[in-house]
Amino acid sequence: MSEENINSDNSGNDFDFLRMDWHKFLKARKAGGGFKLLESYLNDDPGDHDFPETRVLWIQGAQCTGCSESLLDASNPALLKAFEILNIDLKRHEAFLAHQGLFVDGEPANTSELNSEILLDEISEQGNYILMVEGAIANGPHGSGKYFMSGNRSSKEMFKKAARNADLIIAVGTCAAYGGINTAGSDIVDILDYRGVAFTKKDPSKGMLKLLGIDKPVINIPGCPPHPDWIIYTLSAIISGNVKIPDDLPEVLDEFGRPKVFFPPDHNVHKDCPRKKFFDNKEFDTCVGGEKCLLRMGCQAFLAHADCALRKWNDGHSYCVQAGSPCIACVEPDFPDNARPLYSSKKNRKRKEADQ
């Protein structure tokens, strides 16, 4: 498809990212035309859009804050510009808004933990917000959720409170979407009983929403961490009204609740790998620092359904494989067990098992 046709096709639907074919979306983005959001991000003028305010409530369970840090690295557009354009009011976020809650004469009226709890209660009782969840939610021990506490409240209680009145839930990162690192196979994984929002690994019957008996629309944006574009463009498509919630979700999401435009079911990271010629020629690296195929170092790009190789990270400059790290398929529901032990090929794994 020519660049002219790409721009023409998109001219009337500048925020309809989630409905687009993923390859077409990336080509259009590269061409630099047709997206008013992208065109306006470098200017002071946010454009001619006048979106009503969207309230966002962000809560965190068991996580490393890497997903929030990744969002801070957004560049096309930058995070604050995107929030300005989309008229997003981030009402609560433990990491971004350290000084949140009740203040008297400029001083916190309570401890930061209590302030945070009070603020969560106020926002959730008002309703009318998008709930963004970062991190897995503990259900252990014995269904109490007390293996992950924030102040006097478990993350399970916080999630229950916030999810009940949310209009939409976006699970940010593989931990929130599927449990991630917290659900990796171990002797204690069943005792800890960490869960994703709507899935635990590939099982939707074990999602925390199902356990709590709460029925809400959910979008999963996995990744360890997720690309900032995946988060911002998803919000753009929803806030612009180009994707109706919940009616359009079956069309734009895959079987694991991921936007198909970013996580194409029929495409994997390997197909666009810049080292693919070495794979075709059976030239493999066996230690870091080389330039050949990383398959024998445990690369799982065959399993990873994401556009990392084309979208790239660090403002479009590189991604894991280009930096010399094998793909660990962190966007998949069964991560990290699908790639363990990391940086070890299946052949090497079998050899190690035989040696033990």
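Atoms considered below: every heavy atom in the structure, side chains included; atoms not considered: hydrogens, waters and symmetry mates. In this chain, residues are counted from 1 in sequence order.
In terms of modelled atom types and a separation under 3.5 Å, the side chain of T174 and the main chain of G223 share a donor-acceptor contact. Between the side chain of E251 and the main chain of D248, no donor-acceptor pair closer than 3.5 Å is present. The backbone N or O of P228 lies less than 3.5 Å from no partner atom in the side chain of D73, so there is not a single donor-acceptor pair. K292 places no side-chain N or O within 3.5 Å of a backbone atom of R275 that could act as its donor or acceptor partner. The backbone N or O of I123 lies less than 3.5 Å from no partner atom in the side chain of K91, so there is not a single donor-acceptor pair. In terms of modelled atom types and a separation under 3.5 Å, the side chain of R340 and the main chain of G185 share a donor-acceptor contact. A donor-acceptor pair under 3.5 Å is absent between the side-chain atoms of N139 and the main chain of D193, judged by distance alone. A donor-acceptor contact shorter than 3.5 Å links the side chain of R258 to the backbone of V331. Here the side chain of E332 pairs no donor or acceptor atom with the backbone of N338 at under 3.5 angstrom. D254 places no side-chain N or O within 3.5 Å of a backbone atom of K260 that could act as its donor or acceptor partner.
Heavy-atom contacts from other residues, nucleotides or ligands closer than 6.0 Å to CG of N281 number more than 12. Within 6.0 Å of CG on L72 lie more than 12 heavy atoms contributed by other residues, nucleotides or ligands. Within a 6.0 Å sphere centred on NZ of K160, heavy atoms belonging to other residues, nucleotides or ligands number 12 at most. A 6.0 Å sphere centred on NZ of K216 holds more than 12 heavy atoms belonging to other residues, nucleotides or ligands.
A continuous path of hydrophobic side-chain contacts links I232 to L253 [ILVMFWY only; heavy atoms under 4.5 Å]. Under the 4.5 Å side-chain heavy-atom criterion for Ile, Leu, Val, Met, Phe, Trp and Tyr, Y178 and L342 are members of distinct hydrophobic clusters. In the hydrophobic cluster analysis, where Ile, Leu, Val, Met, Phe, Trp and Tyr join through side-chain heavy atoms closer than 4.5 angstrom, M132 is grouped together with W230. If you chain together hydrophobic residues whose side chains sit under 4.5 Å apart, I231 and F256 never meet in one group.
For the salt bridge (Lys or Arg N to Asp or Glu O under 4.0 Å) test with D121, the passing option among R92, R153, R164 is R153; the others fail.
Heavy atoms only, all atoms of each residue included: P274 and Q322 are closest at CG-CG, 3.6 Å. Smallest separation of non-hydrogen atoms from I181 and C175: N-SG, 4.0 Å. The two atoms that bring S75 and D315 nearest to each other are OG-OD1, 2.8 Å, heavy atoms only. When every heavy atom of P336 is checked against every heavy atom of G180, the shortest pair comes out as CD-O, 3.5 Å. Nearest heavy atoms, Y319 versus C273: OH-CA, 3.7 Å. Considering every non-hydrogen atom in both S124 and A162, the closest pair reads CB-CA, 4.2 Å.
Alongside Y194, the hydrophobic cluster contains Y147, F148, I188, I191, L192 (criterion: ILVMFWY side chains under 4.5 Å).
In this structure, E84 pairs ionically with K81, as a charged nitrogen and a carboxylate oxygen lie closer than 4.0 Å. Salt bridge D280/K277: absent, no basic N to carboxylate O contact under 4.0 Å.
Listed by first and then second residue, the ring pair (Phe, Tyr, Trp, His ring centres under 6.0 Å) pairs involving residues 278-305 are H270-F279, H270-F302, F279-F302 (not counting sequence neighbours).
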Would you tabulate the side-chain donor-acceptor contacts of residues 204-212 under 3.5 Å, counting partners in other chains and residues two or more places apart, or write 'none'?
from : atom 1 : to   : atom 2 : distance (Å)
S205 : OG     : D203 : OD1    : 2.6
S205 : OG     : D203 : OD2    : 3.2

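To the nearest 0.5 Å, the span separating CG on D167 from CD1 on I130 amounts to 7.5 Å.
Note: W58 and F96 have tilted aromatic rings, judged against thresholds of 30 and 60 degrees for the angle between ring planes.
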